[in-house]
Amino acid sequence: PLELCQLNNLKTLDLSHNQITHLPEEIQQLSSLRELILEENKISYLSVGLCQLINLEKLDLRSNQLTNLPTQFRQLNDLKELCLYGNRLANLPLEVCQLSNLKILDLEENQLTNLPIETSQMIHLEKFFLSYNNLTLLPVEMDQLINLKVLSLIGNRFSTTDQERFKTSLPNCQIKI
């Protein structure tokens, strides 16, 4: 209900398992919101209003129906944790790569076939979950992710050569292949 959007001091909102198909533009009124959990809904697109929640630190959109993200998504500069597990993303949107404070990114069980070179811009990234996609290559530039501690690649189709390259280029990272 739109009345929720009038709770200006709300810090955490969990609307999981509610058959929600979209969020109203009025969600931008929740300017104090730090954590938004929307897992297991039927969201197929994100409103620009969501992208106005500039204090948001955690956004959980696991198990929805997203195929892309709005250009304005890059405005979520304070975002530290983003979960897009179990959606329908075929590409990692460049807007996500511009979230420079991101520490945890979960893209498991999407339809990703490749990652853009811009992935290397997420220099604060510590945990990157990419298991069960359709990846066959990772950008060489990912070795610039020097803070990466966990990289999960299970269920993709990497060559043995590439698997060795990952281990060599990210020696301080626990890689699950």
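The model shown is predicted, which means the values in this text are computed figures rather than measured ones.
- Across all non-hydrogen atoms, the minimal contact from Cys97 to Pro116 is SG-CG, 3.9 Å.
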Checking Leu59 against Phe73 for the side chain to side chain contact (heavy atoms under 4.5 Å, CB included) test, could you report, in this order, the C-alpha distance in whole Å, the side-chain angles of both residues, the deciding distance, and whether it holds?
CA-CA 11 Å; Leu59 179 57; Phe73 198 81; 3.8 Å; yes
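- Here CG of Leu53 is found 10.5 Å from CG of Leu79. Values are rounded to the nearest 0.5 Å.
- A donor-acceptor pair under 3.5 Å links the side-chain atoms of Asp106 to the main chain of Glu108, judged by distance alone.
- The hydrophobic cluster containing Leu66 does not contain Leu94, counting ILVMFWY residues as joined when their side-chain heavy atoms lie under 4.5 angstrom apart, directly or transitively.
- Closest of all the heavy-atom pairs between Asn8 and Ser32 is O-OG, 3.0 Å.
- Annotation for Asn101 and Asn77: closest pair ND2-O, 2.8 Å, computed over non-hydrogen atoms.
- The neighbour count for Ile117 CD1, taken as heavy atoms of other residues, nucleotides or ligands under 6.0 Å away, does not exceed 12.
- Legend: ring pair (Phe, Tyr, Trp, His ring centres under 6.0 Å) pairs involving residues 152-177, not counting sequence neighbours, sorted by first then second residue: Phe158-Phe166.
- Among Val96, Asp60, Leu56, the one residue that satisfies the side-chain contact (heavy atoms from CB on, under 4.5 Å) test with Leu82 is Val96.
- Under the side-chain contact (heavy atoms from CB on, under 4.5 Å) criterion, Ser47 pairs with Leu23, Glu25, Ile27, Leu50, not counting sequence neighbours.
- In this structure Tyr85 satisfies the side-chain hydrogen bond (donor to acceptor under 3.5 Å, both in side chains) test together with Glu109, sequence neighbours excluded.
- The shortest distance between side-chain heavy atoms of Leu33 and Lys11 does not fall below 4.5 Å.
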Going through the checks in order, is the side chain to side chain contact (heavy atoms under 4.5 Å, CB included) test met by Arg88 and Gln111?
CA-CA 6 Å; Arg88 299 177 181 167; Gln111 299 163 6; 4.2 Å; yes
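- Note that the OG1 atom of Thr12 and the CG atom of Leu30 stand 11.5 Å from one another [nearest 0.5 Å].
- Between the CG atom of Asn156 and the CG atom of Leu137 there is a distance of 11.0 Å, given to the nearest 0.5 Å.
- Both Leu61 and Leu112 are members of a single hydrophobic cluster when ILVMFWY side chains are connected at heavy-atom separations under 4.5 Å.
- Residues passing the side-chain contact (heavy atoms from CB on, under 4.5 Å) test with Thr71, sequence neighbours excluded: Arg74, Glu95.
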Applying side chain to side chain contact (heavy atoms under 4.5 Å, CB included), run through Leu115 and Phe128 and close with a yes or a no.
CA-CA 12 Å; Leu115 296 178; Phe128 199 2; 4.2 Å; yes
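- Inter-residue side-chain proximity for Val140 and Arg165 is flagged as met; some heavy-atom pair is nearer than 4.5 Å.
- Residues forming a side-chain hydrogen bond (donor to acceptor under 3.5 Å, both in side chains) with Gln121 (at least two apart in sequence, or on another chain): none.
- Inter-residue side-chain proximity for Leu135 and Leu130 is flagged as met; some heavy-atom pair is nearer than 4.5 Å.
- For residues 125-144, every residue pair satisfying the salt bridge (Lys or Arg N to Asp or Glu O under 4.0 Å) rule, not counting sequence neighbours, is listed here: Lys103-Glu126.
- Hydrophobic clustering (side-chain heavy atoms under 4.5 Å, transitive across Ile, Leu, Val, Met, Phe, Trp, Tyr) groups Leu10 together with Leu76.
- Between Ile177 and Ile175, the closest side-chain pair of non-hydrogen atoms falls below 4.5 Å.
- Summarising the hydrophobic clusters (Ile, Leu, Val, Met, Phe, Trp, Tyr; side-chain heavy atoms under 4.5 Å, direct or chained), the residues clustered with Ile104 are Phe129, Val150.
- In this structure, the side chain of Asn110 engages the main chain of Leu89 through a donor-acceptor pair within 3.5 Å.
- Leu145 and Leu170 get closest at one heavy-atom pair: O-CD2, 4.0 Å.
- Contact check for Ile43 versus Gln65: no side-chain heavy atoms found under the 4.5 Å cut-off.
- Atom OG in Ser169 sits 10.0 Å away from atom CG in Leu148 (nearest 0.5 Å).
- Contact check for Met142 versus Thr119: side-chain heavy atoms found under the 4.5 Å cut-off.
- Scored by the side-chain contact (heavy atoms from CB on, under 4.5 Å) test, Leu15 finds Leu4, Leu13, Asn18, Ile20, Leu38 as partners (sequence neighbours excluded).
- A distance-only check finds no donor-acceptor pair linking the side chain of Asn64 to the backbone of Asn87 [under 3.5 Å].
- A distance of 12.0 Å separates OG in Ser120 from CD1 in Ile146, rounded to the nearest 0.5 Å.
- Every residue meeting the side-chain contact (heavy atoms from CB on, under 4.5 Å) condition with Ser159, not counting sequence neighbours, appears here in chain and number order: Thr161, Asp162.
- Taking Ile, Leu, Val, Met, Phe, Trp and Tyr as members and joining any whose side-chain heavy atoms lie under 4.5 Å apart, directly or through other members, Ile54 forms no hydrophobic cluster with any other residue.
- Contact of the Asn147 side chain with the Leu125 side chain is not registered, since no non-hydrogen atoms from C-beta on lie closer than 4.5 Å.
- For the salt bridge (Lys or Arg N to Asp or Glu O under 4.0 Å) condition, the pairs that include at least one residue of residues 36-48, sequence neighbours left out, are Glu39-Arg62.
- We find the NE2-OG distance between His22 and Ser44 to be 9.5 Å, quoted to the nearest 0.5 Å.
- Shortest non-hydrogen contact noted between Asn41 and Ser16 is ND2-CA, 3.9 Å.
- Residues Lys58 and Lys80 are not in side-chain contact: their nearest non-hydrogen atoms beyond the backbone lie 4.5 Å or more apart.
- In this structure, Ile154 is not a member of the same hydrophobic cluster as Leu138, with clusters built from ILVMFWY side-chain heavy atoms closer than 4.5 Å.
- Each of Tyr132 and Leu84 belongs to its own hydrophobic cluster when Ile, Leu, Val, Met, Phe, Trp and Tyr are linked at side-chain heavy-atom distances under 4.5 angstrom.
- Contacts classified as salt bridge (Lys or Arg N to Asp or Glu O under 4.0 Å) and involving residues 115-124 (residues at least two apart or in different chains) are not found.
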